[in-house]
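Reading through the structure tokens given below for one structure.
The figures that follow rest on heavy atoms only: side chains count, while hydrogens, waters and symmetry mates do not. Just so it is clear: chains get the letters A, B, ... in the order the sequence lines come, proteins before strands, and each one is counted from 1.
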Amino acid sequence: MAENTFAVQSVRGMNDVLPTQVAGWQRLERVTRELFTAYGFEELRVPIVEHTALFKRAIGEYTDIVEKEMYTFTDSGGDSLTLRPEATAGVVRAAISNGLLRGARLKLWTSGPMFRHERPQKGRYRQFHQIDVEAIGFAGPDIDAELIGLTARLWRQLGITRVKLKLNSLGTAQARRVYREKLVEYFRGHESLLDADSRRRLEGNPLRILDSKNPDMQALVAAAPLLTDHLDSESREHFDGLCAMLAGMGIDYVIDPRLVRGLDYYSRTVFEWVTDALGAQDAVCSGGRYDDLIPQLGGEAQPAIGFAMGIERVVELMGQAGAVDAPLAPHVYIIASGERAQRTALALAERLRDDLPTLRFQSNMGGGNFKAQFRRADRSGASLALILGDTELERGVASLKSLRDESGQTQWPLPDLAARIPAILADLAGPTEAG
RNA sequence: GUGGACGUAGCUCAGCUGGUAGAGUCCCGGAUUGUGAUUCCGGCUGUCGCGGGUUCGAGUCCCGUCGUCCACCCCA
């Protein structure tokens, strides 16, 4: 590859978010921040890089993420570090190492880039972004229901409708161990029917076989023993409680006994919001309970639950739902012709910004004749053009022209502008925007 | 990591069985003296992703490579 090409190409799977796309990101960030605050969650910011061992221990040695998808490197001090592939491990680590856990109940959220070395696809990137929510110190199922209720509210606020909630319980680690043995036994009995992927998983992560999309495997999977039938009684009760609460909140869900997660730390409640609008990358937001993780990482045992949503995926859904705001147009576009007028216009713009801080003034930059400046004014979407030329300068006035209707052009002494502009804008806006 | 499709002006694309690139759009200027739509006229921009090969000659064929997209896989 030529060196130039190399230099101007972004790294595979790592994308720029362009100004035209940013509106969706900002809307999602704003709505989630308000929602989290309203539910009593506090923001926590954690590093992007952690010790490799943290992720191995939290996510599990035999998961796909740890086995083949992590960006791991040795720093110049000889430490093995990893670009975080998910957020929970870092949040839990931060809670432990800052001593936040002692008897506390933590409701936290964080967001930022995550890194996974996968083959890029629509909705799947090597650097992608998540908004992550964690509730530590709550045994549930009330908090489980609240978290799910929060996400359901978020979709409503964003105008997203093409999502469905899938729900399952993985039981406790002990119950899962028993089930796992049963499952391995079952699949060993039919080993000749297993595809290559499934045979590989039989050792490391047999539960994932249940997730197989291979049509040839469906019959075998369908007849496999169900985790749901092997739940311990406490998990059963917990899960039934959650279902009842969701029903009481009017939240629709589908119980999917084969919903398992790709991260080992989950136990009991797992859930996933899926969509049919993003092709194969259908998970928009998912999470679950991780009651055993904190002691595994050296903290004092605390039940906990969390979820993460993929910003790129949610923003894509927002775009499809038409839920992205148009960029804010200036209220006033300032046109100035001639050197003296341009100087006057800059000073005038600053004064108007002082006097009218809630309005958006855009000054024409880079000169141009009146025609060009009016064209830019029009394209800017501004409601009003403020015109400053030789004629106006001589008389100490500025012209104001409506760009959105035919109400014409008026002239005002410069000192009066700050008082006149809001009134004129209000007239232009008319009754529709009066509220 | 596996399989498949694709990669031509900023954008959307055309370019037949190989003969050294074109449209629309965008942008800029003009259509009587200081006024944004539309229309008309004129103008600008391309290492045809990159590298190599075949050929007298390649955007068009072959190989490699990078990237995008789709499916698998995985997951947010």
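- Checked for salt-bridge contact, A:R404 and A:D378 meet the test: a charged N lies under 4.0 Å from a carboxylate O.
- Within the shown strands, B:rG10 is the pairing partner of B:rU25 under the Watson-Crick or G-U definition, both distances less than 3.5 Å.
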Exercise for the section: Go along nucleotides 67-73 of chain B 5' to 3' and tag each nucleotide: B for a protein heavy atom under 4.0 Å from its base, S when only backbone or sugar atoms are that close, - otherwise. Expected result: SSSSBBB
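- With a 3.5 Å ceiling on both atom-pair distances, the Watson-Crick or G-U wobble partner of B:rG3 is B:rC70.
- Between A:L147 atom CG and B:rA76 atom P the separation is 15 Å, expressed in whole Å.
- Salt-bridge annotation for A:E350 and A:R353: present, with a side-chain N of the basic residue lying under 4.0 Å from a carboxylate O of the acidic one.
- Where A:G389 and A:F128 meet RNA chain B, the nucleotide closest to each residue was compared, and A:G389 sits on the side nearer the 5' end.
- Contacts between residues 86-95 of chain A and RNA chain B, defined by a heavy-atom separation under 4.0 Å, are absent.
- Side-chain atoms of A:K401 come within donor-acceptor range of the base of B:rU35, with a qualifying N/O pair under 3.5 Å.
- A 3.5 Å limit on both hydrogen-bonding distances identifies no Watson-Crick or G-U partner for B:rG18.
- B:rU35 has its base stacked against the ring of A:F374, the centroids being under 5.5 angstrom apart at an interplanar angle below 30°.
- Per the geometry, CZ belonging to A:R375 stands 12 Å off C1' belonging to B:rC26, to the nearest Å.
- One atom, CG of A:L259, and another, P of B:rC75, lie 11 Å apart when rounded to the nearest Å.
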